[in-house]
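Lettering follows sequence order; numbering is per chain, from 1.
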Amino acid sequence: MDWRRTHFCGAVTEELAGQEVVVNGWVNRRRDLGGMIFVDLRDRFGLVQIVFDPNLLDDGVFAQAEKLRGEFVVSVRGIVQLRPEGQANPNLKTGKVEIHARDLTILSAAKTPPFEINRAEDVDESLRLKYRYLHLRSKDLQDAIILRHQVAAEARNFLNENHFLEIETPMLIRSTPEGARDFIVPSRVHPGEFYALPQSPQMFKQLLMISGFDRYYQIVRCFRDEDLRADRQPEFTQIDVEMSFVEQEDVMGLMEQMICHIIKKVKGITIDGPIPRMTYQEAMERYGSDKPDTRFGMELVTLNEGLNDSEFRVFASTISTGGFIRGINAEGAGTFTRREIDQLTEKAEQWGARGLIWMAVEEGTVRSPIAKFLTEGEINYIVESLRGKPGDLLLLVADSFKVTSEVLGRLRLLLGEQLGMIDENRFDLLWVVEWPLLEYDEEAGRYVAAHHPFTSPLDEDIELLETDPGRARAKAYDLVLNGVELGGGSIRIYDRSVQEKMFKALGFTMDEAMSQFGYFMEAFEYGAPPHGGIAFGFDRLIMLLAGRDSIRDVIAFPKTVSARDLMVDAPAPVNQSQLQELKIKMLD
RNA sequence: GGAGCCGUGGUGUAGUUGGUUAACACGCCGGCCUGUCACGCCGGAGAUCGCGGGUUCGAGUCCCGUCGGUUCCGCCA
């Protein structure tokens with residue numbers, strides 16, 4: 001028998017009733033009633049019920065059907081029939097029909113899998129990762145991987161329509177000291193020298209602009225040798241974009257169209273109007289975060305004004321040293337037990353606060369360990385400023401702007417979740433703009449690029465590079481979705497002298513800058529167009545669209561938090577001869 | 001580098017103040033069953049409780065260490 005399929009399992013519908021079809025797939029489940037066998041056959045497109053009825057079959061075929069077990073790979077030839085009255089299965093796309101088998105070929109038998117494919121979600125993750133190819137058979141992962149493909153396809157459609165070219169850039173490049181730790185690759189041809197895997201194709205895409213390609217994109221793998229998280233893998237994918245002859249608004253305008261296009265196409269959700277913009281400063285003031293989750297309120301409030309004359313020592317010393325007293329209102333959390341409040345305090349301290357002040361609002365009064373140190377006017381001021389109602393819990397932190405932002409911003413997220421204030425069905429997009437260009441790194445004792453060293457300062461802030469670098473703002477923009485940084489980009493420096501100032505501000509000597517980035521700065525001297533771009537975290541985007549909480553769920557073959565691939569068992573030692581060839585010797 | 005949680009038949013879990021045959025569900029194997037769809041009914045096999053050490057007459061249970069997974073902090077745009 002020719003076993004090759006005529007139709008996909010998931011595509012066998014009423015219109016085919018009466019027709020002979022051949023389907024190929026995996027046995028999802030079998031129900032052997034003795035005289036009659038039902039099998040749900042699975043492929044990428046869904047399930048279809050096969051009926052093995054001895055009255056319609058050769059004995060030999062029925063005997064074969066009795067051998068079927070879960071995950072056997074088979075080909076079935078049969079007639080599509082409408083199911084008898086009352087026998088339709090509304091849970092199945094193909095539930096109105098079934099295939100009455102005439103012939104069966106077992107293409108591949110299967111051992112009993114180490115876990116049930118249909119219930120893989122609860123199984124220990126190390127087992128699922130070892131048998132990733134089996135877990136990938138589950139509907140959840142298939143859906144995620146299919147969604148991933150659709151998003152990539154829609155991104156390409158949109159960018160292609162808009163005159164972008166997809167251009168590949170090298171994977172073996174030069175290590176640079178800025179940013180994350182590089183993965184390095186030894187060179188056999190040049191013993192003692194190393195390539196690095198790209199953290200992003202940043203300089204290459206800028207050089208492509210200088211080459212005149214005008215609009216570039218790439219759905220590209222990037223590598224960072226840093227510790228992992230639920231949303232961080234050592235290799236991950238970006239939608240990388242760069243455009244010439246543009247200003248910030250041009251990039252943001254087009255890219256928000258792209259994201260809205262993708263969300264519309266794959267989720268059917270229309271996002272109205274332009275995506276809201278917020279400056280970095282405003283985000284920090286209102287949400288204590290540079291990537292605020294705007295799906296709920298609980299905004300931070302600064303309370304210095306009414307507490308200027310407070311005699312409470314914590315407040316007085318904070319204000320006299322130029323610090324801030326800021327708070328949030330955890331609505332309805334007044335019922336928290338002492339233990340729950342202690343846990344919040346513990347978190348606050350872990351995040352850098354010296355303490356957490358709480359105030360439970362009650363009918364006409366407040367309950368708080370610091371109430372006795374405050375005047376009635378001060379208490380009223382705090383309650384009113386935070387719009388406290390009976391039953392609310394007010395939480396205050398007194399410290400620097402940075403610490404109060406950090407701590408209250410995180411508490412806000414924690415409480416928003418605990419109190420069920422987050423509407424999981426919302427897609428809240430937000431642009432955060434006017435980023436600081438540089439941040440002071442206490443450890444390194446110098447400024448480091450907040451974004452990367454090629455980000456252009458605002459025109460009016462260029463001078464600050466030499467006078468007060470910490471105050472310089474950048475032509476940078478981040479797109480935030482539900483409190484997750486989806487992507488970030490900037491208008492780039494395209495003038496050699498500005499780029500030199502930037503390196504100088506970062507503490508590079510001219511020699512260092514030249515040896516690391518000389519080729520790049522030289523390129524600016526041969527006619528560089530104004531340009532800018534953006535890169536989106538592709539895996540994170542898929543994770544959010546798929547409603548998952550780990551990017552491992554949207555990557556076909558992910559690594560564990562200790563950066564291992566449990567399926568291929570990598571990393572692994574190599575032969576002595578391989579090391580020899582590379583002139584590499586182990587230290588221990 | 002640090003902290004938390006998890007680890008018991010193939011899978012998911014239960015396992016009392018440490019006590020003798022480690023329980024349940026799913027899966028698997030066998031039997032019965034012609035309209036099931038998480039089929040049903042009957043029977044069966046399957047576990048040195050992640051690994052190592054310690055306390056104890058006795059450890060799945062207590063202690064120490066270690067390995068693996070995971071979440072978070074540091075790190076990372």
Does the side chain of D182(A) reach to within under 4.5 Å of the side chain of Q199(A), using non-hydrogen atoms?
yes

Could you run through nucleotides 69-77 of chain B and give me one letter per nucleotide, 5' to 3': B if any protein heavy atom sits under 4.0 Å from the base, S if only the sugar-phosphate is that close, - if neither?
SBSSBBBBB

Can you check each nucleotide of nucleotides 25-30 of chain B against protein heavy atoms at under 4.0 Å and return B for base, S for sugar-phosphate only, - for none, in 5' to 3' order?
-BSSSS

Does anything in residues 399-422 of chain A pair up under ring-ring contact (aromatic ring centres under 6.0 Å, His included), and if so which pairs, sequence neighbours excluded?
F324(A)-F401(A)

Would you mind listing every ring-ring contact (aromatic ring centres under 6.0 Å, His included) that reaches into residues 42-99 of chain A, with sequence neighbours excluded?
F8(A)-F45(A)

Interatomic distance, [X] [atom1] vs [N] [atom2] [rounded to whole Å]:
X       : N      : atom1 : atom2 : value
L127(A) : G12(B) : CG    : P     : 7 Å
D122(A) : U13(B) : CG    : C1'   : 10 Å
D40(A)  : A38(B) : CG    : P     : 9 Å
H100(A) : G35(B) : NE2   : P     : 13 Å
I37(A)  : G35(B) : CD1   : P     : 14 Å

Using purine N1 to pyrimidine N3 plus N6-O4 or O6-N4 for Watson-Crick, or N1-O2 and O6-N3 for G-U wobble, both under 3.5 Å, which nucleotide pairs with G44(B)?
C28(B)

A3(B): pairing nucleotide in any strand, Watson-Crick or G-U under 3.5 angstrom:
U71(B)

Distance check, [atom1] atoms only: [N] and [M], in whole angstrom units.
N      : M      : atom1 : value
G60(B) : G4(B)  : P     : 25 Å
G53(B) : G12(B) : P     : 26 Å
U56(B) : U61(B) : P     : 16 Å
U55(B) : G18(B) : C1'   : 11 Å
A22(B) : U13(B) : C1'   : 13 Å
U21(B) : G27(B) : P     : 30 Å
C42(B) : C24(B) : P     : 14 Å
G9(B)  : C49(B) : C1'   : 10 Å

Who are the salt bridge (charged side-chain N to carboxylate O under 4.0 Å, His left out) partners of D231(A), not counting sequence neighbours?
R540(A)

Partners meeting salt bridge (charged side-chain N to carboxylate O under 4.0 Å, His left out) with R552(A) (sequence neighbours left out)
E125(A)

Considering residues at least two apart in sequence or located in another chain, which fulfil the side-chain hydrogen bond (donor to acceptor under 3.5 Å, both in side chains) criterion with Q418(A)?
none

Output all residues satisfying side-chain hydrogen bond (donor to acceptor under 3.5 Å, both in side chains) with W431(A), sequence neighbours left out; order by chain, then residue number.
E256(A)

Ring pair (Phe, Tyr, Trp, His ring centres under 6.0 Å) partners of Y280(A), counting only residues at least two apart
W435(A)

When you check the side-chain N and O atoms of D293(A) and Y287(A), is any donor under 3.5 Å from an acceptor?
no

Under 4.0 Å, heavy atoms only, any strand: does P114(A) hit a base, just the sugar-phosphate, or nothing?
sugar-phosphate

When we call it a touch if two heavy atoms are under 4.0 Å apart, what does N89(A) touch: a base, just sugar-phosphate, or nothing?
base

Please state whether the phosphate of C39(B), meaning OP1 or OP2, lies under 4.0 angstrom from any side-chain nitrogen or oxygen of R31(A).
yes

Hey, does the side chain of R548(A) reach the backbone of D553(A) with a donor-acceptor pair shorter than 3.5 angstrom?
no

Test your reading of the model: is there a side-chain donor-acceptor pair from E340(A) to the backbone of T337(A), 3.5 Å cut-off?
yes

Is F38(A) stacked on the base of U36(B), meaning ring centres closer than 5.5 Å and planes within 30 degrees of each other?
yes

Pairs under 3.5 angstrom, nitrogen or oxygen only, protein versus nucleotides 32-34 of chain B, please.
{"unit_1": "C33(B)", "atom_1": "N1", "unit_2": "L33(A)", "atom_2": "O", "d": "3.4"}
{"unit_1": "C33(B)", "atom_1": "O2", "unit_2": "L33(A)", "atom_2": "O", "d": "3.3"}
{"unit_1": "C33(B)", "atom_1": "N3", "unit_2": "D32(A)", "atom_2": "O", "d": "3.3"}
{"unit_1": "C33(B)", "atom_1": "N3", "unit_2": "L33(A)", "atom_2": "O", "d": "3.4"}
{"unit_1": "C33(B)", "atom_1": "N3", "unit_2": "G34(A)", "atom_2": "N", "d": "3.3"}
{"unit_1": "C33(B)", "atom_1": "N4", "unit_2": "G34(A)", "atom_2": "N", "d": "3.4"}
{"unit_1": "U34(B)", "atom_1": "OP2", "unit_2": "G35(A)", "atom_2": "N", "d": "3.0"}
{"unit_1": "U34(B)", "atom_1": "O4", "unit_2": "N55(A)", "atom_2": "OD1", "d": "3.3"}

Identify all side-chain donor-acceptor contacts of residues 108-117 of chain A below 3.5 Å with residues at least two apart in sequence or on another chain.
none

Output every pair passing side-chain hydrogen bond (donor to acceptor under 3.5 Å, both in side chains) with a member in residues 128-138 of chain A, not counting sequence neighbours, ordered by first then second residue.
E71(A)-R137(A), E121(A)-H135(A)

